[in-house]
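Here's the structure we're looking at; comments come further down.
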Amino acid sequence: MGSSSNGDRPWQSYHTAYTNAKAGMDGVDKEKVQRVIYEMSKGSKYFESEKRKEAFLKQKIDNLQAQRAKLTDKDISHFQQICDKKVVDLEASRDLSKIWLHSDMDAFYAAVETLGNPALRGKPLAVGSLSMISTANYEARKFGVRAAMPGFIAQKLCPDLTFVPPNFEKYTYYSNLTRKVFQKYDPNFIAMGLDEAYLDITETCNNRGISREEFADELRHAVYEETGLTCSAGVAPNRLLAKVCSDINKPNGQFILPNDRNAVLSFISSLPIRKIGGIGKVTEHVLRDVLGINTCEEMLQKGALLCAMFSQCSTEFFLSVGLGLGSTGPPQHTLRKSISTERTFSATEEESFLFEKLADVAETLSKDMQKECLCGRTLTLKLKTATFEVRNRAVSLQKYIHSKEDILNYASKLLKAELPLSLRLMGLRMSQFRDDNLDPMQKTLTNFFISGEDATKSLTCISKSSGLEISDKQITNNGYLDSSIGNGSCFSNDSCNVSYESDYSLSNLLVEHNNNDGFGVNSVDDALSVKSNPSKREKMKELINFSEGEAVHLSNQKVEPLWVDDYICALCGIQLPPSFTEERQEHSDYHLAEMLQKEESTKMTRHLMQPERLVERTKKTGEGSRKKQKFSPKEDEHIPIEAFFIKCKKSL
DNA sequence: CCTGTCGTTCCCT
DNA sequence: TATAAGGGAACGACAGG
């Protein structure tokens, strides 16, 4: 079923993230690259896993095609109307008054390495290891080498390839230099990752009476003067388009799209959808194979089908892409919703090793959380098996935690339930943060102290901690605080551990402090929201800091719910006064049921793991994916484009 | 029906 | 010789009020 047409050229059907052409890959012999990748890959566990994933995607596409086939003419004309209305609304939101510039450093990590070691210049270079490449310079790209490709394959493609291990301290340093330049041209510039930024250059262009070309030229020169590195720029009426434009004349080039509706539409018309930020491999594939959409223009032509088959949210995004719309206003500061860390190692099922590794991961997560003064109550354990199958297991607690000990404690329980298992990766994610009102002030203070100490150091670490950075800008010397600085270092292994040691103690104190006044009330509320009504809830306050209040009890000891001093629940610390006999009974039952259920599921996991999981999965996907499309009647509420971007895609 | 939880999918660099 | 990342958000299913 999964076998597709190319029996004699099997490599043609194997596509990975890095087989997709990027800037600088024009003269590449794609066929050869593809064949080498295939030869090096086939038979590996990874390869098998990729094939499995491809089969799933194919299934998904088949389902969508079947669904599309069911649409009647009547359906279509109905959705055409809906589509037309949406398009009118979207068009009305078009704003051509702003000029945005997107700047993107050329092969950033590789360029920095070359700067530090001129002997590398002109030679094919990859930053990374034999396992994984972060960046390749343009000489290497000629061979088909690129980011996200494993090094051993790259080496096969380009035997003379030089490898340099990543050094994020250096990249951060140079990144800060570029930001110093951006800062001069737009104090409110938006940094994305280490090597990208958006600048609103409307004012400057107008005030200084210079053209966009001149501006982009000047900026790129200034960056070069400051850093010795080249960058590319794109200028357009919104951020989404600016980003597309900066890729067009890479490296060391620029592309300007005028603020003119016709220019935008003709630019967008032939643009492949994959160029749009937010449209990745899967979405591209789906839209192409199900609806025959290849270019942005076709988004509009197939608007009715899009409306019929995708959620409101997705549809509006697709249509706005077809119109060449994008955000023009200041970026909304969305608060971080989760924080995570993960590590890959050579696959093993030795439990002592796994628990040791888990402790490391827990420690890293705890430190990362403390840097940002975060406490969360949902902990997710991510596992990747030796066969590259990924699993997540989560617990939601009744209290907020951040310490290594707490994290490790709950994470261990989650892990135990899955063992024995051969793993190659473990990760931990915390979400459901406490959002008390005290925090922002404390963060501001933290920022203040830290920046007083050493503003540059604090940059990378504070950013993203809350939605309040803007107001803090005066405090840091250079105002680099930005929502997304901490976001970028994707390939980093330890990028974040480099420079912040000095913050720990202070952050720690503040977190400690939070703890003491924060969560008692929260926990009671949470726990009681299940079982008690508000008036009773009033009377319960103060709970003891028992750490066993979580929803999971995998312990084999049959713990009976106990009432300490007759009114404090030994399991979660809730206090139910003596008169509340009924409630206490109910509460005990609740814990009991929970434990039974948990034990049950643990047993299941242990002994019936395969069948159980499979059953679950088929139930979910088999039935589920068919009905997911909403033919919802409330199509007419128009969501403003700004709001859409907040909610659905963070694309800019 | 609404909401919280959990697992998966997707995207980005 | 073997060798394939790490981080974050959104989505979709489902269970419990």
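In what follows, every chain begins at residue 1, and chains take the letters A, B, ... in the order their sequences are listed.
Distances shown here put every side-chain N or O of A:Arg377 at or beyond 4.0 Å from the OP1 or OP2 atom of B:dG4. Look at A:Gln432 and you won't find any side-chain N or O under 4.0 angstrom from OP1 or OP2 of B:dG4.
Without hydrogens or angle criteria, A:Gln34 side chain to A:Tyr14 main chain gives a donor-acceptor distance under 3.5 Å. Judged by distance alone, with hydrogens and angles left aside, the side-chain atoms of A:Ser246 form no donor-acceptor pair with the main-chain N or O of A:Gly234 at under 3.5 Å.
Base-pairing analysis of DNA chain B finds the following stems of at least three consecutive Watson-Crick or G-U pairs, with both pairing distances under 3.5 Å: B:1-13 with C:5-17.
Comparing A:Ile339 and A:Arg424 along DNA chain C, the residue whose closest nucleotide (by nearest heavy atom) sits nearer the 5' end is A:Arg424. Each of A:Phe345 and A:Glu342 was matched to the nucleotide of DNA chain C holding its nearest heavy atom; the match closer to the 5' end belongs to A:Phe345. If A:Glu196 and A:Val286 are placed on DNA chain B by their nearest nucleotide, the residue sitting closer to the 5' end is A:Val286.
Under 4.0 Å is where a charged nitrogen must lie from a carboxylate oxygen, and between A:Arg343 and A:Asp360 no such pair does.
At least one test fails for A:Arg35 against the ring of A:Tyr38: distance under 6.0 Å to the centre or angle within 45° of the axis.
Closest contact between the side chain of A:Leu130 and the listed nucleotides C:dT3, B:dT13, B:dT5 involves C:dT3. Comparing C:dA4, B:dG7, C:dG6 by their nearest atom to the side chain of A:Asn392 picks out B:dG7.
When heavy atoms are screened at a 4.0 angstrom cut-off, A:Lys384 is found touching the sugar-phosphate backbone but no base atom. Contact annotation for A:Ile276: backbone-only contact, meaning every heavy-atom pair under 4.0 Å involves sugar-phosphate atoms and none involves a base.
Judged by distance alone, with hydrogens and angles left aside, A:Arg336 brings no side-chain donor or acceptor close enough to the base of C:dG8 to form a pair under 3.5 Å. Between the side chain of A:Ser41 and the base of C:dA4 there is at least one donor-acceptor pair of N/O atoms closer than 3.5 Å.
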